[in-house]
Engineer: 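Can you keep this structure in mind? I'll have questions shortly.
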Amino acid sequence: MTIQDIAVSYTAVATASSGRDGRVSSDDGKLDVVVNPPKEMGGSGAGTNPEQLFAAGYSACFQGALGVVARQEKADIAGSTVTAAVSIGRTEAGGFGLEVAITATVPNVDTATAQALIEKAHQVCPYSNATRGNIKVALSVV
């Protein structure tokens, strides 16, 4: 899918200064955070980091997609949560890569139904569509 394939409804704009050890802010001022590499990667860990920001966005977006699918399927997902664990590490080519583990808790349906819902949400979620084929994304229900 390319940008030409969609009718754009909204565009978020954020600017970073000093890369992974600086600041990121949105053009509307609603987001303004210090970013630092995590201690595990040799940084101070004092601020947030790009992986946490990606995890926050992906989990919120996926939860929204789960809501869309649940309404279509007439499934009760009240009290559900979605957690995105974003991992970063070295690739065989020497660069860095990401992988994501999406874990959903859907208390009002059985495990098989919850799994089917998150599989469908994975087809709807814009983050899933953007990452499909590019990074490993694992889905599970707890």
Engineer: Please report the closest heavy-atom contact between Pro37 and Arg20, naming both atoms and the distance.
Structural biologist: CD-O, 3.1 Å
Engineer: Parallel, tilted or perpendicular, judged at 30° and 60°: which one describes the rings of Phe54 and Tyr58?
Structural biologist: perpendicular
Engineer: What are the two closest non-hydrogen atoms of Ala55 and Ala84, and how far apart are they?
Structural biologist: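 Shortest heavy-atom separation between Ala55 and Ala84 comes out as CB-O, 3.4 Å.
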Engineer: Ignoring hydrogens and geometry, is there a side-chain-to-backbone donor-acceptor pair from Thr131 to Tyr127 under 3.5 Å?
Structural biologist: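 The answer is yes, because a donor-acceptor pair under 3.5 Å joins these two groups.
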Engineer: Does His122 offer a backbone N or O that forms a donor-acceptor pair with the side chain of Arg132 under 3.5 Å?
Structural biologist: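 Looks like yes, one N/O pair under 3.5 Å.
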Engineer: Please check if Leu53 and Val82 belong to a single hydrophobic cluster, counting links between Ile, Leu, Val, Met, Phe, Trp and Tyr side chain heavy atoms closer than 4.5 Å.
Structural biologist: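 Each belongs to a different hydrophobic cluster.
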Engineer: Of the non-hydrogen atoms in Ile77 and Gly67, which two are nearest, and what is the gap between them?
Structural biologist: CD1-CA, 3.7 Å
Engineer: For side chain to side chain contact (heavy atoms under 4.5 Å, CB included), just list the numbers for Leu66 and Ile118, CA-CA rounded to whole Å, side-chain angles, deciding distance to a tenth of an Å, and then say yes or no.
Structural biologist: CA-CA 6 Å; Leu66 182 60; Ile118 68 167; 4.2 Å; yes
Engineer: Could you go step by step and tell me if Gln63 and Thr81 meet the side chain to side chain donor-acceptor pair (under 3.5 Å) rule?
Structural biologist: CA-CA 7 Å; Gln63 178 74 41; Thr81 61; 5.9 Å; no
Engineer: For the pair Leu98 and Ile88, evaluate side chain to side chain contact (heavy atoms under 4.5 Å, CB included) and give the outcome as yes or no after the intermediate values.
Structural biologist: CA-CA 5 Å; Leu98 300 174; Ile88 184 171; 3.8 Å; yes
Engineer: Check the pair Thr83, Ser59 against side chain to side chain contact (heavy atoms under 4.5 Å, CB included), reporting the backbone distance first and the verdict last.
Structural biologist: CA-CA 6 Å; Thr83 301; Ser59 63; 5.9 Å; no
Engineer: Under 3.5 Å, is there a donor-acceptor pair linking the side chains of Asp21 and Ser18?
Structural biologist: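 No, no side-chain donor-acceptor pair sits under 3.5 Å.
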Engineer: Assess the side chains of Gln123 and Ser128: does a donor N or O sit below 3.5 Å from an acceptor N or O?
Structural biologist: no
Engineer: Taking side chain as C-beta onward, heavy atoms only, is Val35 less than 4.5 Å from Gln52?
Structural biologist: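 With C-beta onward as the side chain, the pair stays apart.
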Engineer: Exactly one of Gln72, Gln115, Glu73 should register a side-chain hydrogen bond (donor to acceptor under 3.5 Å, both in side chains) with Lys120. Which one does?
Structural biologist: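 Among the candidates, only Glu73 passes.
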Engineer: Can you check whether Gly45's main-chain N or O pairs, donor with acceptor, with Asn49's side chain at less than 3.5 Å?
Structural biologist: no
Engineer: Is there a path of hydrophobic side-chain contacts, each under 4.5 Å between heavy atoms, that joins Val34 and Leu31?
Structural biologist: no
Engineer: Is there a chain of hydrophobic side chains (I, L, V, M, F, W, Y, each step under 4.5 Å between heavy atoms) that links Val100 to Met41?
Structural biologist: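 Yes, because Val100 and Met41 connect within a single hydrophobic cluster, where side-chain heavy atoms sit under 4.5 Å apart.
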Engineer: Could you tell me which non-hydrogen atom of Gly47 sits nearest to which non-hydrogen atom of Asn36, and how far apart they are?
Structural biologist: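 Closest approach of Gly47 to Asn36: N-OD1, 2.7 Å.
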Engineer: Do Ile102 and Val69 share a hydrophobic cluster, counting only Ile, Leu, Val, Met, Phe, Trp and Tyr and linking them when any side-chain heavy atoms are less than 4.5 Å apart?
Structural biologist: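 Linked within one cluster.
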Engineer: For residues 135-142, which side-chain N or O atoms pair as donor and acceptor with protein atoms under 3.5 Å away, sequence neighbours left out?
Structural biologist:
| from | atom 1 | to | atom 2 | distance (Å) |
| --- | --- | --- | --- | --- |
| Ser140 | OG | Thr103 | OG1 | 3.4 |

Engineer: Where do Asp76 and Val109 come nearest, in terms of heavy atoms and distance?
Structural biologist: O-CG1, 3.7 Å
Engineer: For residues Ala65 and Ala121, report the shortest heavy-atom separation together with the two atoms involved.
Structural biologist: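 Answer, listing the atom of Ala65 first, then Ala121: CB-O, 3.7 Å.
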